[in-house]
Protein chains: 2
Amino acid sequence: MRTTGDTRARILDAATELFRRQGYAATGMKQILTTAGATYGSAYHFYPGGKTQLGEDVVRTSGAAYLALIGELFQDRAADPAETTARAFTGAAQTLLDLDYADPCPIATIALEVAGTNEALRVATAEVFDSWTDALAAFYGSFGIAESRATARSVIALLEGAFMLGRAARSTAPVLDAAPAAAAIVRAAAGRSPLSGRTEGETL
Amino acid sequence: MRTTGDTRARILDAATELFRRQGYAATGMKQILTTAGATYGSAYHFYPGGKTQLGEDVVRTSGAAYLALIGELFQDRAADPAETTARAFTGAAQTLLDLDYADPCPIATIALEVAGTNEALRVATAEVFDSWTDALAAFYGSFGIAESRATARSVIALLEGAFMLGRAARSTAPVLDAAPAAAAIVRAAAGRSPLSGRTEGETL
DNA sequence: GTCTATATTAGGATAGAC
DNA sequence: GTCTATCCTAATATAGAC
């Protein structure tokens, strides 16, 4: 039995970790509770809606944590946004390695698993993806990139897909390959924007 | 009980369909067999390795079918490869809609689910992704694009990620947004290639 | 708020008749 | 090659004592 944090936090942490490594459906409440050092009584006290409600908490909580991470990675207004984007991918490749190919995205596997079978969870994953898109779009928009939402969405999609191929192959190559590709997406969108030219060729 | 095809094919088809809609872990053998109109006896006769072996057959068979589809979509040597790529994404958005947001990629959900828990299946998904990458890289390479494998991998990753966001949001927008993004990836790679200039500006 | 015990259903897999 | 019956385990969830 661990003693770090309160019981609800331990259950949430254990579920987040296990969902990330095994997926949602393959992870049982029993395993979560054993890992968390908690009991059914506690779990259904905090999550009367059961596994689905716990899953929602996992998705929204880790979604918010990643939103904060996006805010940290994408804040340099002085740098080329395409370069900033590429750097984020390079860092993500390292994260993939550090996690030994567990899912670097805490909601990706869940999102695919529940898209057609659990409406509450599906909505939760959609809202998290939207919040990430909003944050990244705001960053690109601040550089005058016109289709900032479409650009942000594609960059996030590319990262998610690269994680998928990387995990399957147990290789960081797909994520590293995606770094210049992501930069190309951003540069192309910048080139199509009214303020274009400013981000092309010039360092600042 | 259906009578189309033999028993093994019915089991394979049912499993493919259910894995695509519900994922691998959430789909039970019982449900597969009920849907297929088959029994345990038949299932373990054809797949003595059980659910994992059935999953492998699903991954490799539908992986081969998609490889053929890639071959059909990417064969026009007269058109701009970036345009061809964008058109494939537009078509994929329609497929997503036609499937009512079931997974257009038959192995994506499985790939994420098993990446850390089932080595045999993980290898199967990796090999399928590789075969798709090879085919698409050969297409890009035929246009003189130098980093053809990295480009192909990123295009596939972008499509997989766009499917993920699209399924979560029940919207084709992520896939449609990804069409010009994919074209940008291809154009950027072409621009970095020795034979560059040929695919830029010119129609042929 | 936490515990144990249990209800109920489904999970994957096997044996052996036919 | 197909069937039924069954084994054993684990699934989610609940009840009720403490």
Side-chain angles (χ1 to χ4, degrees), chain A residues 1-19 21-59 109-110 113-114 116-122 124, chain B residues 1-19 21-59 109-110 113-114 116-122 124:
Chain A
M1 167 149 66
R2 299 200 221 138
T3 48
T4 314
D6 59 11
T7 302
R8 182 183 177 131
R10 287 205 316 277
I11 294 171
L12 183 62
D13 287 351
T16 302
E17 186 70 12
L18 289 169
F19 289 166
R21 299 194 175 271
Q22 311 177 337
Y24 177 77
T27 302
M29 288 292 279
K30 268 180 187 157
Q31 189 184 9
I32 293 169
L33 295 174
T34 302
T35 306
T39 62
Y40 274 90
S42 299
Y44 283 86
H45 169 72
F46 292 116
Y47 300 104
K51 193 184 177 183
T52 291
Q53 192 182 350
L54 173 56
E56 269 197 65
D57 199 8
V58 167
V59 168
T109 309
I110 302 177
E113 285 186 272
V114 305
T117 52
N118 187 322
E119 186 63 7
L121 265 179
R122 192 218 107 219
Chain B
M1 167 149 63
R2 297 200 224 142
T3 48
T4 314
D6 60 10
T7 304
R8 183 183 176 131
R10 287 206 316 278
I11 295 172
L12 183 62
D13 286 352
T16 302
E17 185 70 12
L18 289 168
F19 289 165
R21 298 193 176 274
Q22 310 176 337
Y24 176 78
T27 302
M29 288 294 278
K30 272 178 184 156
Q31 188 186 9
I32 293 169
L33 295 174
T34 302
T35 305
T39 63
Y40 273 91
S42 300
Y44 282 87
H45 169 71
F46 293 116
Y47 300 104
K51 193 183 177 184
T52 291
Q53 192 183 350
L54 173 56
E56 269 197 66
D57 198 9
V58 167
V59 167
T109 308
I110 302 177
E113 285 185 273
V114 305
T117 52
N118 187 322
E119 186 64 7
L121 266 179
R122 191 219 107 217

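Order of the sequence lines sets the chain letters (A, B, ...), proteins ahead of strands, with each chain counted from 1. Any value given below was found using the heavy atoms of this structure, including those in side chains, with hydrogens, waters and symmetry copies removed.
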Return the value, rounded to whole Å, for the distance between atom [atom1] of [X] and atom [atom2] of [N].
| X | N | atom1 | atom2 | answer |
| --- | --- | --- | --- | --- |
| Met29(B) | dC8(D) | CE | P | 20 Å |
| Lys30(A) | dG11(C) | NZ | P | 15 Å |
| Leu33(A) | dA11(D) | CG | C1' | 13 Å |
| Tyr47(A) | dT12(D) | OH | P | 15 Å |
| Asn118(A) | dA11(D) | CG | P | 18 Å |

Considering non-hydrogen atoms only, spot the tightest contact between [X] and [Y] and give its length.
| X | Y | answer |
| --- | --- | --- |
| Ala38(A) | Thr7(A) | CB-CG2, 3.9 Å |
| Ala14(B) | Ile32(B) | CB-O, 3.7 Å |
| Leu121(A) | Gly55(A) | CD2-C, 3.5 Å |
| Val58(A) | Ile110(A) | CG1-CD1, 4.5 Å |

Checklist line | Glu113(A) side chain to Gly23(A) backbone, donor-acceptor under 3.5 Å | finding: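 Answer holds: no.
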Notebook entry, point to check: Distance from Asp6(B) atom CG to Ile11(B) atom CD1, nearest 0.5 Å?
Noted result: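 That separation rounds to 9.0 Å.
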Check: Under a 4.5 Å cut-off applied to non-hydrogen side-chain atoms, are Arg10(B) and Asp13(B) in contact?
Finding: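 Contact flag for Arg10(B)/Asp13(B) side chains = no.
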Checklist line | With Tyr40(A) via side chain to side chain contact (heavy atoms under 4.5 Å, CB included) - residues at least two apart | finding: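 With neighbours one apart ignored, the set is Met29(A), Lys30(A), Leu33(A), Tyr44(A).
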Check: dT2(D) phosphate, OP1 or OP2: any side-chain N/O from Thr7(B) under 4.0 angstrom?
Finding: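 It does, given that an N or O in the side chain of Thr7(B) lies less than 4.0 Å from OP1 or OP2 of dT2(D).
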Next item on the list: Strictly below 4.0 Å, heavy-atom distances to any atom of DNA chain C: list the hits from residues 38-46 of chain A, or just say none.
Entry: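 Going residue by residue through residues 38-46 of chain A, the ones with a heavy atom under 4.0 Å of DNA chain C turn out to be Thr39(A), Gly41(A), Ser42(A), His45(A), Phe46(A).
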Margin query: Report for the helix from dG1(C)-dC18(D) to dC18(C)-dG1(D): angle between first-end and last-end helix axes, five pairs each, rounded to 10 degrees.
Written below: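 Roughly 0°, once rounded to the nearest ten degrees.
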Note to self: Restricting to side chain to side chain donor-acceptor pair (under 3.5 Å), what partner residues turn up for Gln31(A), sequence neighbours left out?
What the structure shows: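 If we apply the side chain to side chain donor-acceptor pair (under 3.5 Å) test to Gln31(A), skipping adjacent residues, there are no hits.
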Checklist line | Within residues 50-58 of chain B: residues closer than 4.0 Å to DNA chain D (heavy atoms) | finding: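 None - not one residue of the stretch has a heavy atom sitting under 4.0 Å from the strand.
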Donor-acceptor contacts under 3.5 Å from residues 45-53 of chain A side chains, at least two apart:
unit_1	atom_1	unit_2	atom_2	d
Tyr47(A)	OH	Asp57(A)	OD2	2.4
Lys51(A)	NZ	Tyr24(A)	O	2.9
Lys51(A)	NZ	Thr27(A)	O	2.8
Thr52(A)	OG1	Asn118(A)	ND2	3.0
Gln53(A)	OE1	Gly49(A)	N	2.5

